[in-house]
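Presented below is the structure to which this report refers.
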Amino acid sequence: MKSNTGHRNDQGRVAEEGEEVCGEQLGAMENARKRCQAPSTSKSLMATEDDPYKIDPLIALIDMDCFYVQVELRLEPEWRGKPAIVVQYKTRHKGGGIIALSYEARERGVKRFHHADDAREVCPEVKVFVVPELHGKADLTRYRDAGAEVIRVMKKHFHCVERASVDEAFVDLTKEVKQLLPRYLSKELKLTPEALGSTCIAESHSVEAWLDQLYLKLEEDPEAFVASSVQLNNFALAIGAVLVNDLRQDIINVTEFHCSGGISYSKTLSKLACGLNKPRKQTVLPGNAVGPLFNKTNIIDVRMLGGKLGRSIIENLCISTMGELCKVEVPKLRQYFSEETARWLASLAVGIDNEPVQERDLPKSIGCSKNFLGKEALSTREQVKKWMEHFVSELSVRLKKDQAENNRSASLLTVSITYVKDPFKIKSGQSCSRCAPMTSYDNEAMVYDAFMVADRLLTSLGYRNGRYHYAVINLGISASKMRDGGFTASRIDSYFRGQKKKEVDDSQIFPGNKYSELKVKGRDASKIQLGKAKEVRERKGSITKYLNQASPRKDAQGGQASHHQQQKVRTEHMESKSDTETRLGQLLQATRSQRMGKVRRLFPARFTDEGGTRLGGRQRRRVPQ
DNA sequence: TATTATGACGCT
DNA sequence: CAGCGTCATA
């Protein structure tokens, strides 16, 4: 929780005794839990005439093994079976950083976080693949495309697939398994070790024994078996394992890529199961194995507990495993966490999470970014402009491909910046982001908008003698808010954009106030807040409205900032104004002089000197106690 | 200087 | 809702 003073939690109620122990930002830390609050899909537990068997939801996680390495090995198969790594930025620090390593390389002692040179030291024969570079940055296209290939295969098998990252996806198997259940129960189909292929059973030594046990119970008393949710769930799990095994084999057949899988009752459990036997194996995690498994599972290794919340649990409760967490009573948890989080943790500790698998096989945003560390840090307009051009070059290709393949287009362009006062002294800087409407996939337009947004923000933090006061150590742009179809006339801003290109005088293009109705997509014009209700001219540009609020939000930075928000004229900026205009004129040569009238408006006279200064000095929020 | 480059999502 | 923080993984 970033903006309160320690006496309110994230629900806004008054903190009870003990809650302050955790520090003011606990609520923010607990956000991770919120997405897991969907109600249980108890529908699947209901036995009806149509649906006589009640089973728990069945969820699988498919995770590609050292994916980037596999992608490279498919291109150069002669290296298969040998230690191999994928690094990016070969010419940089220690031969480039490792982002993927083969299991052969792991066996030879190569570690994550090693660099290429480290890897060669422990394993001289290691094959080093280098991520392609384009536009001066790492280009991950080939891995994204390979990931899409895999997803396509998965969609062929299952309706509900959630792309969780470039190389992993959750699958809800419940429906498919339910359909097959009667045929397996009736012996029309048979569960065999062969059908389960590379399956392991968590906390069990043999798939055969586990299956035998299952069938023994079924033979013994079929009616009792069907009536027992425990038995039925195990049976369903085995069917799920067959389906996932088939899927994994098909992925190999179609893509040549190998993967691991986890099959259980929730995202958390299937994710955990998937990691138990890697690579090229899948693991079933039955309900009765959760307890024993949790006894030896580190809290940090459980999904959603790998970050601050997990560390906070470990420190506050002086425990380290899920088994120990399971023994902690809810009231004890409530000493450190909110009511909801306490209950969520208690459920999780017994293996329950109700987060549904979302049916989504496409990314929701498409972006690119790059770090600029040390002397690479950007501090001039020229540098920022240049990199925006590079980013847009990459992004526009990806966006156009996405548009053609998926019949959708982005409506929001977001610029993200991390900046520091001194790139040699500060490790982590201030992050901020600003956005503008995305109205076309025209490179020039995107560069213009992205640079304007970035420059406006950085300049507001200080600009003198051709340099920003702050050095940019990370810069990125991202396209999001995908809408169906292409850019149409109904996309209001594309109308404005089109006019802009014609170089027609603004006052003729926007003669009346009727434009206010069109100004913001999908929003009631009456709700638009334009601060001082300026003339139409000031709001005409598609990004002007956004730029009007481009100054950093002090109150969002760390809570008490608002106390110091006196506004004051930044005299040094005023001095540099003419300089600003000149430089921009050159930088934005590609754009039209007609825009320059607007450019001037992008630099209002008033800036918050105090705020800008403090933003640089004030850094991270405190670490949880 | 030193993981980097992505991506999803919740809160205010 | 725009912007920030958290979590995650190649």
Side-chain angles (χ1 to χ4, degrees), chain A residues 1-4 10-12 25 27-37 63-72 85-89 92-94 96-101 112-116 131 137-140 143-144 146-147 162-168 271 303-310 355 358 360 362-377 394 412 414-418 420 422-427 430-436 457 471 473-476 478 480-481 520 522-523 527-529 545-546 549-550 552-553 555-558 620-621:
Chain A
M1 172 129 289
K2 51 185 185 276
S3 60
N4 70 27
D10 55 336
Q11 274 75 51
Q25 75 289 7
M29 188 172 66
E30 295 179 9
N31 285 348
R33 156 184 56 76
K34 295 295 166 59
R35 81 189 62 169
C36 310
Q37 298 263 304
D63 189 325
M64 308 310 292
D65 302 321
C66 54
F67 189 46
Y68 288 11
V69 171
Q70 284 203 77
V71 173
E72 296 298 336
I85 58 179
V86 176
V87 304
Q88 48 189 5
Y89 300 125
R92 288 184 44 186
H93 183 62
K94 291 165 81 174
I98 294 177
I99 54 175
L101 60 164
R112 264 182 74 198
F113 296 110
H114 271 176
H115 289 243
V131 174
K137 64 181 287 301
D139 178 16
L140 305 179
Y143 313 110
R144 282 192 201 94
E162 178 180 328
R163 178 196 192 275
S165 76
V166 69
D167 86 311
E168 67 184 321
K271 172 75 183 168
R303 200 176 82 109
M304 309 310 306
L305 301 182
K308 290 189 175 186
L309 179 56
E355 184 186 335
Q358 314 269 340
R360 194 196 65 239
L362 297 175
K364 298 176 107 176
S365 66
I366 298 175
C368 44
S369 65
K370 183 171 170 26
N371 286 352
F372 302 92
L373 298 175
K375 72 175 177 146
E376 310 259 299
E394 177 186 323
L412 192 72
T414 302
V415 171
S416 300
I417 299 174
T418 303
V420 294
D422 179 348
F424 292 95
K425 285 185 184 164
I426 307 290
K427 287 176 190 168
Q430 303 296 122
S431 294
C432 60
S433 67
R434 293 294 182 271
C435 63
L457 176 67
I473 60 170
N474 176 274
L475 187 65
S478 174
S480 61
K481 291 205 192 304
V520 179
R523 280 176 62 180
K527 290 182 183 167
I528 299 172
Q529 294 178 9
K545 166 183 169 294
Y546 292 81
Q549 50 183 358
R553 266 173 36 183
D555 59 342
Q557 286 294 334
R620 324 297 295 161
R621 300 182 321 187

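To find a chain, count down the sequence lines: A is the first, B the second, and so on, and within it residues start at 1.
- For the pairing with A/Val86, the side-chain contact (heavy atoms from CB on, under 4.5 Å) check across A/Val71, A/Val131, A/Ile98 returns one residue only, A/Val131.
- Phosphate contact (OP1/OP2 of C/dT9, side-chain N/O of A/Lys271, threshold under 4.0 Å): present.
- Between A/Gly374 and A/Cys368, the residue anchored nearer the 5' end of DNA chain B, judged by the nucleotide with its closest heavy atom, is A/Gly374.
- Note: CG (A/Leu412) to P (C/dA2) measures 6 Å, nearest angstrom.
- Contact detail for A/Ser433 and A/Thr414: the closest heavy-atom pair is CB-CG2, 4.0 Å.
- Residue A/Lys308 places its side chain closer to C/dC7 than to any other of B/dT6, B/dT3, C/dC7.
- Ranked by how close their nearest DNA chain B nucleotide is to the 5' end, A/Glu162 and A/His115 are led by A/His115.
- Between A/Phe67 atom CZ and C/dA8 atom P there is a gap of 21 Å when expressed in whole angstrom units.
- Contacts of A/Phe113 with the nucleic acid, taken as non-hydrogen atoms under 4.0 Å apart, include base atoms.
- In terms of the ring-ring contact (aromatic ring centres under 6.0 Å, His included) criterion, residue partners of A/Phe372 (sequence neighbours excluded) are, by chain and number, A/Trp387.
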TODO: Determine, step by step, whether A/Gln70 and A/Tyr143 satisfy the side-chain hydrogen bond (donor to acceptor under 3.5 Å, both in side chains) criterion, reporting the C-alpha distance in whole Å, the side-chain angles of both residues, the deciding distance to 0.1 Å, and the verdict.
DONE: CA-CA 10 Å; A/Gln70 284 203 77; A/Tyr143 313 110; over 6 Å; no
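- Proximity of A/Ser165 to the phosphate of C/dA10: no side-chain N or O atom is located under 4.0 Å from OP1 or OP2.
- Here B/dT1 is the nucleotide among B/dT1, B/dT6, C/dA10 with the atom lying nearest to any side-chain atom of A/Phe424.
- Note on A/Ser365: a side-chain N or O is less than 4.0 Å away from OP1 or OP2 of B/dA8.
- You'll find that the side chain of A/Arg360 is closest to B/dC9, out of B/dC9, C/dA10, B/dT6.
- Nucleotides B/dT3 and C/dA8, compared at atom C1', are 15 Å apart to the nearest Å.
- Residue A/Asn371 places at least one side-chain N or O closer than 4.0 Å to OP1 or OP2 of B/dA5.
- When the nucleotides C/dT9, B/dA5, C/dG3 are ranked by their closest atom to the side chain of A/Arg434, C/dG3 comes out on top.
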Check your understanding: So A/Glu394 and A/Lys370, salt bridge (Lys or Arg N to Asp or Glu O under 4.0 Å) or not? Walk me through it.
Key -> CA-CA 12 Å; A/Glu394 177 186 323; A/Lys370 183 171 170 26; over 6 Å; no
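- Regarding A/Glu72, its CD atom lies at a distance of 12 Å from the C1' atom of C/dA10, rounded to whole Å.
- Taking the side chain of A/Arg144 as heavy atoms from C-beta on, and the options C/dC7, B/dC9, B/dT6, the nearest nucleotide is B/dT6.
- Taking only side-chain atoms of A/Met304, from C-beta outward, the nucleotide of C/dA8, B/dT1, C/dG5 with the closest atom is C/dA8.
- Among the heavy atoms of the strands lying under 4.0 Å from A/Ile366 are primed sugar atoms or P, OP1, OP2 only; no base atom is included.
- Summarising the geometry, the separation between NZ on A/Lys137 and P on B/dT4 is reported as 14 Å, rounded to the nearest angstrom.
- For the pair A/Glu162 (side chain) and A/Gln358 (backbone), a donor-acceptor distance under 3.5 Å is present.
- With A/Arg360 contributing its side chain and A/Arg163 its backbone, the two residues share a donor-acceptor pair below 3.5 Å.
- In the set C/dC4, B/dT6, B/dA8, the nucleotide with an atom closest to the side chain of A/Cys432 is C/dC4.
- At the phosphate of B/dC9, OP1 or OP2 sits under 4.0 Å from a side-chain N or O atom of A/Lys364.
- In the set B/dT4, B/dT3, C/dG5, C/dG5 carries the atom at the smallest distance from any side-chain atom of A/Ser431.
- Look at A/Tyr89 and you'll find a side-chain N or O under 4.0 angstrom from OP1 or OP2 of B/dA5.
- Note on A/Glu376: nothing from the nucleic acid sits closer than 4.0 angstrom, heavy atoms only.
- Atom pair A/Lys94:NZ and B/dT4:C1' shows a separation of 15 Å (rounding to whole Å applied).
- A/Lys370 has its NZ atom 12 Å from the C1' atom of B/dA2, to the nearest Å.
- If you take atom C1' in C/dC1 and the same atom in B/dC9, they sit 15 Å apart, rounded to whole Å.
- Here B/dG7 is the nucleotide among B/dA5, B/dG7, B/dT1 with the atom lying nearest to any side-chain atom of A/Pro363.
- Residue A/Arg163 places no side-chain N or O under 4.0 Å from the OP1 or OP2 atom of B/dG7.
- The CG-P distance, from A/Leu475 to B/dT6, rounds to 12 Å in whole Å.
- A/Asp63 comes within 4.0 angstrom of the backbone, heavy atoms only, and of no base.
- In this structure, A/Ile99 atom CD1 and B/dT6 atom P are separated by 10 Å, rounded to whole Å.
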